[in-house]
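Below: the structure, in structure tokens.
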Protein chains: 2
Amino acid sequence: MTYSEENYLKVIYHLSLNNSKGVNTNSIANVMESKPSSVTDMVQKLAEKDLVIYKKYQGVSLTEKGKFTALMIVRKHRMWEVFLVETLDFSWDEVHDVAEQLEHIKSEKLINKLEEFLGFPTEDPHGDPIPDRNGKIAKIDKKLLSEIGVGKKVICVGVKDSSPPFLQYLDKQQIALGSAIEVLAKEDFDQSLSLRVDDKDVSVSNKIASNLFVKPV
Amino acid sequence: MTYSEENYLKVIYHLSLNNSKGVNTNSIANVMESKPSSVTDMVQKLAEKDLVIYKKYQGVSLTEKGKFTALMIVRKHRMWEVFLVETLDFSWDEVHDVAEQLEHIKSEKLINKLEEFLGFPTEDPHGDPIPDRNGKIAKIDKKLLSEIGVGKKVICVGVKDSSPPFLQYLDKQQIALGSAIEVLAKEDFDQSLSLRVDDKDVSVSNKIASNLFVKPV
DNA sequence: ATAAATATTTAGCCTTGCCTAAAAATATCT
DNA sequence: AGATATTTTTAGGCAAGGCTAAATATTTAT
Ligand SMILES: [Mn+2]
Ligand SMILES: [Mn+2]
Ligand SMILES: [Mn+2]
Ligand SMILES: [Mn+2]
């Protein structure tokens, strides 16, 4: 299995999570920063290898084999992110690009030993669940902060966008996984929120609130 | 820089250590398990990038830039081997293949943080020196066990062959880095050696003795 | 129900890194 | 030195994974 094939499977997996139908060529090309024609080529190759199900013009979906492969890549990606943050003191905005490389290292023993060393973590530094060695992945109960009503108290449990600029913004506002958040007020005009985060008052735009996952306290 | 280019540079570096002249095409092809014609292609490409010096039919040598690049790959390879053995409890015969993959991960921060986490190791699990972040590599003073005279006492400090079968043989004989070895006798007929290793008597062939590095005690 | 817009596939080409077979240079032997 | 053997390069091709432009399906709008 090539890096390229692995990356396609991973992208198809992520896009499948929202999309209940087949994933379309264009959206894969967007995420991969490539062209729809290239996607068609690769998807045909993956179909021949029984990793995806594909009918012309009908989009693509993962077979069981393809899904398992994708989950193992996600497992490695998130496990390495934990390693980088917990063991090597990277910050949560620095780990993704390195994990994009490390997720392709082929050694079952390595990932299982790493898991053991890290104490069998269940979530990565961004609050995303880590599949176990059998491909089982926990579904974490979470809502977007933008959907929470005024007066409610919640805990921050994840980020939807995990790009460095967003994560750095959160660092600056001292919002982290585990922060206690109370929604003090919501502005009608622009849906911005007044929050109490731990002991500080913070105001955030709707865009920020739409990228923060929380759970009821 | 592609994986392939990195692997060529590493191989040229290793072959240069013995060979004082230019490294020849054939020997590179042997190590890479490829063909001389492929080597010529790549070597021309590396020369264009100022990583090697190459004149037709004259063999190839590394430029400063090429040498530094090669040393950084060796650094990563050996550092990861230490990590696998020290942190994840791999045995010394299991680490090479995984390190072959990990040595290509591109992140200066990663390798430097890993070095710090491991306590700035100076040698890998096979006794080979680890280049520092500036490309400085210690020259370890060592001789082959086969060159040691009868009656001498030495310490095992490295292996020349680090293939799994040889390392597993050494495990079985309880010979490890740091073992105290006394040469009790040498057989004229086949150059095999009678040794005292730590507290045990062991007999080894000349082939074994020609692959063990030792230093005077 | 057409027509227009959008999405997808096909056709044909490019680069990288590899190969085999043939040609050319160098080294070795008598 | 001249013949032979070895090493190295060149020529020409192949597969993977991209791309652009053109053709074809599908969806949306009138
Ligand atoms: Mn990530
Ligand atoms: Mn993550
Ligand atoms: Mn090694
Ligand atoms: Mn080693």
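Note: hydrogens, waters and symmetry copies are ignored here, and every other heavy atom, side chains too, is used. Order of the sequence lines fixes the chain letters, A, B, ..., with proteins taken first and strands second; residue numbering starts at 1 for each chain. Quick caveat, the model's predicted, so the values are computed rather than measured.
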Least distance between heavy atoms, B:P125 atom then B:V85 atom: CG-CG2, 3.6 Å

Salt bridge between B:K49 and B:E5, side-chain N to carboxylate O under 4.0 Å? yes

A:N24 CG to D:dT27 P: how many Å, rounded? 11 Å

Give the rounded distance in Å between these two atoms: CG of B:N30 and C1' of D:dT8. 14 Å

Which atom of B:I12 lies closest to which atom of B:V23, heavy atoms considered: O-CG2, 4.0 Å

Identify whether any heavy atom of B:Y3 sits under 4.0 Å from a base atom; if not, whether one sits that close to sugar-phosphate; answer base, sugar-phosphate or nothing. nothing

What are the two closest heavy atoms between A:V39 and A:S34, and how far apart are they? CG2-OG, 4.0 Å

If you check the A:T25 side chain, which of C:dT8, D:dT9, C:dT26 turns out closest? C:dT8

Verify the contact: side-chain N or O of B:Y8 to OP1 or OP2 of C:dT16, cut-off strictly under 4.0 Å; return yes or no. no

Using the test salt bridge (charged side-chain N to carboxylate O under 4.0 Å, His left out), find all partners of A:K10 that sit at least two apart in sequence or belong to another chain. A:E100, A:E103

Which ring-ring contact (aromatic ring centres under 6.0 Å, His included) pairs, counting each pair once, include a residue from residues 83-102 of chain A, with sequence neighbours left out? A:H77-A:H96, A:W80-A:F83, A:F83-B:F83

Verify whether the ring centers belonging to A:Y13 and A:Y8 lie closer than 6.0 Å. no

Between the protein and nucleotides 22-25 of chain D, are there any N/O to N/O pairs under 3.5 Å, and if so, what are the atom names and distances?
residue	atom	partner	partner atom	Å
D:dA25	O4'	A:Y57	OH	3.3

Can you tell me how far C1' of D:dT27 sits from CD of A:Q58, to the nearest Å? 12 Å

Compare side-chain N and O positions of A:N26 against OP1 and OP2 of C:dT8 and report whether any pair is under 4.0 Å apart. yes

Might you confirm whether atom NZ of B:K142 has over 12 heavy atoms from other residues, nucleotides or ligands at distances under 6.0 Å? yes

Please enumerate all residues that pass side-chain hydrogen bond (donor to acceptor under 3.5 Å, both in side chains) together with A:K65, with sequence neighbours excluded. none

What residues 31-44 of chain B contributes to the DNA chain D interface at heavy-atom separation below 4.0 Å is B:P36, B:S37, B:T40, B:Q44

Is there a side-chain contact between A:L195 and A:S203 in this structure, where contact means two heavy atoms from C-beta onward sitting under 4.5 Å apart? no

Looking at residues 97-105 of chain A, who's got a heavy atom less than 4.0 Å off DNA chain C? none

Check: A:S146 main-chain N/O paired with A:K186 side-chain donor or acceptor under 3.5 Å: yes

Does B:K56 have a side-chain nitrogen or oxygen under 4.0 Å from the phosphate oxygens OP1 or OP2 of D:dT10? yes

A:K55 NZ to C:dT9 P: how many Å, rounded? 13 Å

